[in-house]
There are 2 protein chains.
Amino acid sequence: MLRLHHTPLFSAWPNDMIAPLLAQSQPLTLESGEILFAEGSPARSFYFLAVGRINLIAAAATGQEKIVEIIQPDDLFAEAVAFLGGRYPVTAQADATTTVLEIPLDLFVATLEQRPLLMRQMLARLSMRLHFLVKELRHLSVESAEQRLASYLLELCPVVNSPAAIELPAKKAAVAARLGLTPETLSRVLSRMRKAGLIEVEQRTISIPDPLALRRWAGGR
Amino acid sequence: MLRLHHTPLFSAWPNDMIAPLLAQSQPLTLESGEILFAEGSPARSFYFLAVGRINLIAAAATGQEKIVEIIQPDDLFAEAVAFLGGRYPVTAQADATTTVLEIPLDLFVATLEQRPLLMRQMLARLSMRLHFLVKELRHLSVESAEQRLASYLLELCPVVNSPAAIELPAKKAAVAARLGLTPETLSRVLSRMRKAGLIEVEQRTISIPDPLALRRWAGGR
DNA sequence: CGGGGCCTTGACGTGATTCAATAAAGGTGG
DNA sequence: CCACCTTTATTGAATCACGTCAAGGCCCCG
């Protein structure tokens, strides 16, 4: 045990504050497709993703779904709801066989309150998420499918000025939903990029010989 | 002086903590169209809007603009950037002759850190904004123009089960940008709603005889 | 009276979705 | 290891929502 200590949020926590939290936490296993929590249900825990994959989904009345975020192993999620005494704003659904650690919010908050420094970090963390969402908002509203996919791929690139081979973090349908597209559209955009010589696609692996060229290409659409 | 005391954020602050903050703050007046701060510039202050109107804008490379939020008098804004030592994620532009109070972030943060209770409130506030943005994300990505406008109007309704007359908070072009639409589309949707007998439009005033009917109508599109 | 925002309306173009069919990949059991 | 079935991905054609372009109306203010 436990990679939890190495998350950005907990890395600064002294061990003796994490221990009681862990004592009250429990691992949960989900099969692919299972719902961890549903949008609107009261939030009593947040989670650490140990193995597998979780999609955070915002659904509309029409049944259309948008993936707000694809959670990867070693990520914490849903911790930001704690301070509203709140409800989950999204649905969390497993996209593969998945194990999460369920951590009770009340103890977490109580611990935070004894340590202004930790609070400060938590604020920074929320602020980061805020920026992330504002960026998402921009992507969705003023950018084309090409631009959205290009930004997304470029974000996955470790460095932007040399060739990269990246791995899509989930099946293409999920990536499409993450980008606010249909799987069909994603497929077409990928093939346009391929035909333009900007990327190579092999299953979930995408090679980008020149990321900057990709950015330029997407800029003009 | 001063309505600042009555904002959700400051209402719990003791006067003697607000006073030094005010001493370091100064009023600023902007003409319509003037930029208060630009996206990406370093954030040293946040603001209280006394009179006028400010649009928070996220722009894309193509020049397209999305209004993230329309700020109204007595609102605080840009306070959430404080904890990243950050840069403004959006541009703030006056949409009318406007006066704001410019409050230095460093002193604000320093004050917060001495008072865990205030920090706790700040966390709640950020959490709220997070929920707001997630909701926005959903609206933008999985809802039609009709649904977006309907939700928007319904949010402006004080009560949903009795007739309401609401006032658009800005000129229609700005509302359109807020909803991620063009002015033309907004106009058309409004007129569709009017023809369906769901609303009456008179300049910026919109009467909704039956909000629930509006919600149902929008549900099926 | 005239000019300039602001809003509306129409005709048209286009990017993305939808529907449907096919192909490829992955998993399972014989 | 291969046939079989399911899931996932691609491709094409038709459709649709929304955006773009352009023209005209309204209202306010000089």
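Residue numbers start from 1 in every chain, and the chains themselves are labelled A, B, ... in the order their sequence lines are given, proteins ahead of strands. Nothing here was measured: the structure is a model prediction, and the numbers come from that model.
Residues B:Glu143 and B:Ser151 form a side-chain contact, since some pair of their non-hydrogen atoms from C-beta on lies under 4.5 Å apart.
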Practice problem: Walk me through it: do A:Glu69 and A:Arg178 pass the test salt bridge (Lys or Arg N to Asp or Glu O under 4.0 Å)? | Solution: CA-CA 7 Å; A:Glu69 206 167 349; A:Arg178 169 63 244 285; over 6 Å; no
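Of the two residues contacting DNA chain C, namely A:Gln203 and A:Val189, the nearest-nucleotide position lying further toward the 5' end is that of A:Val189.
Environment of CD in A:Glu155: crowded, with over 12 heavy atoms of neighbouring residues, nucleotides or ligands closer than 6.0 Å.
A 4.0 Å heavy-atom criterion places the boundary nucleotides of DNA chain C facing chain B at C:dC6 to C:dA11, written 5' to 3'. Bracketed by its first and final contacts, the part of DNA chain D lying under 4.0 Å from non-hydrogen atoms of chain A reaches from D:dT8 to D:dA13 in 5' to 3' order.
A salt bridge is defined here as a Lys NZ or Arg NE, NH1 or NH2 lying under 4.0 Å from an Asp or Glu carboxylate O, and A:Arg138 with B:Glu39 meets this definition. A salt bridge links A:Lys171 to A:Asp95: one of the charged nitrogens lies within less than 4.0 Å of a carboxylate oxygen.
The aromatic rings of A:Tyr88 and A:Tyr47 lie tilted to each other, with the angle between the two planes from 30° to 60°. Classified by interplanar angle (parallel below 30°, tilted 30° to 60°, perpendicular above 60°), the ring pair A:Phe46/A:Phe108 is tilted.
Using modelled atom types, no side-chain atom of A:Thr98 and backbone atom of A:Leu30 make a donor-acceptor pair closer than 3.5 Å.
A:Leu181 comes within 4.0 angstrom of sugar-phosphate atoms only, judged by non-hydrogen atoms across all strands, and of no base.
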